[in-house]
Q: 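I am attaching a structure below and will ask some questions about it afterwards.
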Amino acid sequence: MSARLAPRVDDPASRGFFELAANGELGVLTCAQCSTRTHLPRPRCVGCGGKNLEWAAVVGSGRAKSWTVVEHQVHPLFPVPYTVVLIELDDEENIRMVGHLPGRVAVDESTEFVVDFEDLGPDRNGNATVLPTWRIATDNG
Amino acid sequence: MDDRWQRDVCAIAGVGQSAFSKYSGVSVTALAADAALAALADAGIDPSEVDGVVRNDMDLVSCAALGDAIGAGNLTYYGEAGPGGSGPCAMVAQAVAAIMSGQAKTVVVFRSLNGRSGNRFGLSAELDPVIGGAETFTEFFGPYGLLSPGIFFALIAQQYMNETGLTSEQLANIALVARKHANNNPTAQMYDRAMTLDDYMGSRMLSTPLRLFDYCLETDGASAVVVTTTERAKDLRQPPAIIRAVAMASGPRPQPGQMYPVLMRENPLSMPSRYCAETLYTRAGLGPQDIDSAQLYDCFSITALLQIEDYGFCAPGEAGGFIESGQLEVDGAMPFNTSGGHMSEGYIHGMNHVVEGVRQIRGHSSNQVAGASVSLVTSAPPPSTAALILVSA
Ligand SMILES: [Zn+2]
């Protein structure tokens, strides 16, 4: 794929996610006090209400919870068909990420995914823009 | 529940709609004025008596502009609710709150949009190659092509199918009943367009498992209602549709942002409508067995289906069987969207559902439920939601 729709990486609420992605890590906001994961990011821990939250690396693998093959184009940068997958992370409770696969991809609840990191180049302010992307896991990883 | 809700104090005294079309050729303010003036004429209230207006947060028409367009008096109350399709029943609730607190006596509630010829929801006008920020959290969704409500609800539908075994042939019943009802409603956009199961199954797949006919009908149009005290409404031109109860709900931990973050909730299928139903039925002193018609928000077929369970018409996970057993028909257990709803009457973002709820109470629906005296009307879940129950005098 050539031109890409890039995420804004410098928003105060979510920039930690993209800072970790630039290091090749998948980040989830995590409470220093009770270890609860808070995704999407919030100003307070959803477990204890604490304010001491840090972006911590989590496992870069998961399993499909839901999926859709998009056949009707809604954006010029996303030619159809493509497949959107809602991926539930391994070893976590109800932490999900979204994946994109070009074309019509057969997915079911047993389909396993692993994360990759795609460098989309610096944004207009020079911030690294690295997007965690997901591919179907194969036996050799 | 420690609840100080007071039943039956306010009523909908008038309803009105503009023409529904794919190309109105007029401004949204003109459409809103058509609907509001029709509602006031229906009630027999002079526009100069309007002292309150409630709008939708996504409407392009301000309360003041609507007041100006219809010749309202000095507005002593103006408010708005949303987000978007979650708004209409909450907008009526806000009119009730204004009246019960003494801030206004005659409140117009409206929604107006050139939803087909103007800003279309399904099309991304966002040509900036960078998406997200400003706590929209779309930076977690847009870069993966999750860019429309249709794609979002397709993921919801697929998860529901995974968990319950719902089939496309079952889901079709939502669209088929809505179309059948629209075929009897001369003002519906799909009045003269019959639909069969073959038509549905053969319609274009837009985002699996959702087909074209699982989607609502983008529409140019406006709907409005006039809310006042029940005491006053009883002396007006039409029999009042008494507001037995209103309710709003976010559910616990609704997530920040709007629609897409719902996928990150503890369970994406757990909609705020479940919480809204509990509050609503408690306030009303009624339950699903008392509802004569259900005007359920239906931006997509799956959206309506989830609410059938949440409002207690069948057990969780059993909506597929429920909707294929004829229960959505006028003589069924839950007469559904009797104007045709969003899928076949027109997409006025939930406001046309309020109008149809009133018609049923008055006995004026084109798919009238015999002896109807209780209407349930709901607004969009997610991200938050609202609903109301209307009763006859
Ligand atoms: Zn904590």
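Reminder, nothing fancy here: chain letters follow the sequence lines and each chain counts from 1.
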Q: For chain A, which residues of residues 198-208 of chain B have at least one non-hydrogen atom nearer than 4.5 Å to it?
A: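 Result: B/Arg204, B/Met205, B/Leu206, B/Ser207, B/Thr208.
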
Q: Treating A/Arg4 as the side-chain partner and B/Pro129 as the backbone partner, does any N or O pair qualify as donor plus acceptor under 3.5 Å?
A: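 No; judged by distance alone, with no hydrogens or angles, the pair does not exist.
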
Q: Minimum heavy-atom separation for A/Asp11 and B/Ala134, please, with both atom names.
A: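 Scanning both residues, the minimum pair turns out to be OD1-N, 2.8 Å.
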
Q: So for A/Arg42, is it side chain, backbone, both, or neither that comes closer than 4.5 Å to the heavy atoms of chain B?
A: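 For A/Arg42, side-chain heavy atoms alone lie under 4.5 Å from chain B.
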
Q: Decide yes or no for B/Ser148 and A/His72: does some side-chain heavy atom of the first lie under 4.5 Å from some side-chain heavy atom of the second?
A: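 No. Closest side-chain heavy atoms not under 4.5 Å.
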
Q: Tell me, side chain or backbone of B/Phe140 under 4.5 Å from chain A's heavy atoms, or both, or neither?
A: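 Both backbone and side chain.
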
Q: What residue in A/Leu131, A/Asn94, A/Thr68 has the most heavy-atom pairs under 4.5 Å with chain B?
A: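 Maximum pair count with chain B is reached by A/Thr68.
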
Q: Relative to chain B, which segment of A/Arg15 carries a heavy atom at a distance below 4.5 Å: side chain, backbone, both, or neither?
A: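 Looking at A/Arg15, nothing touches chain B.
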
Q: Do you know which two heavy atoms are closest between B/Met264 and A/Val98, and how far apart they sit?
A: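 Heavy atoms of B/Met264 and A/Val98 come nearest at CE-CG2, 4.0 Å.
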
Q: For B/Ser117, check side-chain hydrogen bond (donor to acceptor under 3.5 Å, both in side chains) against everything at least two apart and list the hits.
A: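 Only B/Asp220 meet the side-chain hydrogen bond (donor to acceptor under 3.5 Å, both in side chains) criterion with B/Ser117.
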
Q: Checking A/Pro81 against chain B: side chain, backbone, both or neither under 4.5 Å from a heavy atom?
A: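 For A/Pro81, there is no contact with chain B at all, as no heavy atom is under 4.5 Å.
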
Q: Can you find a pair of side-chain heavy atoms, one from B/Tyr144 and one from A/Pro132, that are under 4.5 Å apart?
A: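 Touching, per the 4.5 Å side-chain cut-off.
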
Q: Got more than 12 heavy atoms from elsewhere within 6.0 Å of CD, A/Glu109?
A: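 Yes, the 6.0 Å shell around CD holds more than 12 heavy atoms from other groups.
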
Q: With a 4.5 angstrom heavy-atom cut-off, is it the side chain or the backbone of A/Pro41 that approaches chain B, or both, or neither?
A: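 It is both, since atoms from each part get that close.
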
Q: Do A/Leu40 and B/Tyr260 make a side-chain contact, defined as non-hydrogen atoms from C-beta onward lying under 4.5 Å apart?
A: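 With C-beta onward as the side chain, the pair stays apart.
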
Q: Who wins among B/Leu263, B/Leu146, B/Asn267 for the most heavy-atom pairs under 4.5 Å with chain A?
A: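 Looking at each of B/Leu263, B/Leu146, B/Asn267 in turn, B/Leu263 comes out on top.
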
Q: Nearest 0.5 Å, please: how far is CZ in B/Phe137 from CZ in A/Arg8?
A: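 Reported value, rounded in 0.5 Å steps: 11.5 Å.
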
Q: Does A/Val74 form a side chain to side chain contact (heavy atoms under 4.5 Å, CB included) with B/Ile151? I'd like the steps, not just the answer.
A: CA-CA 10 Å; A/Val74 296; B/Ile151 299 171; 4.2 Å; yes

Q: Go through the steps to decide whether B/Glu139 and A/Phe18 satisfy the test side chain to side chain contact (heavy atoms under 4.5 Å, CB included), and finish with yes or no.
A: CA-CA 10 Å; B/Glu139 62 269 41; A/Phe18 296 102; 3.8 Å; yes

Q: Among B/Ala154, B/Gly150, B/Gly145, which residue has the highest count of heavy-atom pairs closer than 4.5 Å to chain A?
A: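 If we count pairs closer than 4.5 Å to chain A, B/Gly145 comes out on top.
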
Q: Which of these passes side chain to side chain contact (heavy atoms under 4.5 Å, CB included) with B/Leu147: A/Val70, A/Val84, A/Leu5?
A: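 Among A/Val70, A/Val84, A/Leu5, the one that satisfies the side chain to side chain contact (heavy atoms under 4.5 Å, CB included) with B/Leu147 is A/Leu5.
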
Q: What distance do A/Lys65 atom NZ and B/Leu155 atom CG have between them, rounded to the nearest 0.5 Å?
A: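 Nearest 0.5 Å value for the NZ-CG distance: 12.0 Å.
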
Q: Quick one: of B/Gln255, B/Gln159, B/Glu135, who has the most non-hydrogen atom pairs under 4.5 Å with chain A?
A: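 Heavy-atom pairs under 4.5 Å are most numerous for B/Gln255.
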
Q: Identify the two heavy atoms, one from B/Gln158 and one from A/Ser66, that lie closest to each other, and give their separation to 0.1 Å.
A: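 Closest approach of B/Gln158 to A/Ser66: CB-OG, 3.2 Å.
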
